[in-house]
Amino acid sequence: MSAFEEVNYYFRKAARVMDLSAAVEKMLVTPFREVKVDVSIALDNGQLGTFIGYRIQHDKTRGPMKGGLRFHPSVDLAEAQALASLMTWKTAVVNLPYGGAKGGIAVDPESLTPRELERLTRRFVQQIHDIIGPQQDIPAPDVNTNPQIMAWIMDEYSKFHGFSPAVVTGKPVELFGSKGREEATGRGVVWALEEYLADAGLGEVRGKRFAVQGFGNVGSWACRFLHERGGRVVAIGDARGAIGHREGIDIPTLVEHVAKTRSVAGFPGAQGISNEGVLLADVDVLVPAALGGVITEANAKDIRARIVLEAANAPTTPGADDILEGRGVTVLPDIFVNAGGVTVSYFEWAQNIQQFSWEEEKVNAELHRHMREAYATLARVVKSRKVSFRTAAFIVAIGRVGRATVLRGV
Ligand code: GLU
């Protein structure tokens with residue numbers, strides 16, 4: 001299955017429970033618009049570099065389309081379609097007035113100098129500026145993109161359309177970004193878990209053991225919030241290596257190490273372990289927080305965690321999802337767990353449109369409310385329909401998008 005087929009497999013599983021007709025299913029999974037562009041730039045050595053960029057706009061029934069930009073060699077049409085459709089379902093799960101989109105460039109940003117990265121970003125905006133916009137499609141950070149890149153997007157788009165901070169979210173706070181956006185996804189991940197633990201009578205984060213795959217924006221903030229609450233993060237991996245410590249890794253010191261060396265590898269306060277060792281660690285909660293497709297049929301039966309907290313997008317393949325469900329492992333799904341990022345993106349966009357700025361306490365309180373309400377809705381569906389959290393999330397999302405579609409008229 002391609003990444004897009006995998007998302008649609010989950011969609012269909014929920015659609016069957018809802019008795020959706022095949023025609024409606026087909027309409028809801030089909031992307032609204034798919035754009036593929038040539039992003040050619042002059043490299044610093046005078047040579048020409050040609051890269052391929054994508055923006056997939058999946059659905060705009062519930063509002064302007066929303067979703068990140070990923071700069072990674074794995075970016076292709078199927079991955080962008082998958083991630084764009086996940087944004088449609090994610091914004092619906094947390095009930096934001098948005099549709100879904102996603103895009104990016106097939107590139108390893110580490111192979112570029114900072115000036116080349118800026119040229120690449122600006123060139124991409126030149127190629128897609130007429131299909132994005134504050135009321136049309138609003139990009140944001142994703143894998144390997146950051147507030148500086150969002151600032152360049154805002155600046156380049158504004159050259160064509162006039163001053164437009166609301167065209168992109170995840171901007172630096174000094175340039176119309178929102179307080180709390182940087183930490184929002186990680187914060188939401190931990191709140192999602194806390195809602196589930198309380199509901200299931202499983203106690204608190206304190207004393208529980210965690211393995212986290214990924215130490216970028218999402219993984220590192222999730223680790224900090226878990227550590228703050230007394231959780232023990234005993235295994236962490238990133239693209240360059242993995243580390244483990246029986247009693248729990250000292251996260252604040254690790255953050256300093258990563259700021260200097262750009263990897264968790266070689267952290268003096270822990271032992272080196274294999275990347276697969278992170279996924280299979282003896283923990284209560286496994287947190288995939290990097291790329292998609294890492295929990296597969298090959299490793300699902302050996303995962304020892306009782307809870308999988310999907311901080312990454314699409315980390316679990318359908319085959320693995322079935323195995324985990326069969327083994328009684330609770331999978332809390334991406335379109336709920338990592339929705340804190342896009343939720344605070346929504347607050348940022350709303351602040352930009354009103355030319356007003358919120359205090360961080362207000363951002364966090366509103367984020368907490370959205371995560372709590374989303375959990376309560378999912379938990380009701382889990383109980384009433386006797387389905388997994390993932391199927392419940394799709395049922396809620398499909399219901400909201402489907403009703404909006406019918407009300408607007410096809
Ligand atoms: N890239 C993030 C996601 O996958 C954030 C998207 C946004 O803020 O628009 O949800």
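Everything numeric here is computed off the predicted structure, so don't read it as measured data. For ligands, and for the atoms within them, numbers begin at 1 and follow the listed sequence.
The residues lining ligand 1, counting any heavy atom closer than 4.0 Å, are Lys66, Gly67, Gly68, Met87, Lys90, Lys102, Ala140, Pro141, Asp142, Arg181, Asn313, Gly341, Val342, Ser345.
Side-chain contact, Asn338 with Thr185: no donor N or O sits under 3.5 Å from an acceptor N or O. The closest side-chain donor-acceptor pair between Thr145 and Arg70, if any, does not fall under 3.5 angstrom. In this model, no donor atom of one side chain and acceptor atom of the other lie less than 3.5 Å apart for Thr343 and His370.
Between Phe4 and His58, the angle of the ring planes goes over 60°, which puts this pair in the perpendicular group of the 30/60° scheme.
Remark: Glu325 does not engage Arg390 in a salt bridge, criterion side-chain N to carboxylate O under 4.0 Å.
The only option from Val381, Val387, Ile335 that meets the side-chain contact (heavy atoms from CB on, under 4.5 Å) definition with Phe394 turns out to be Ile335.
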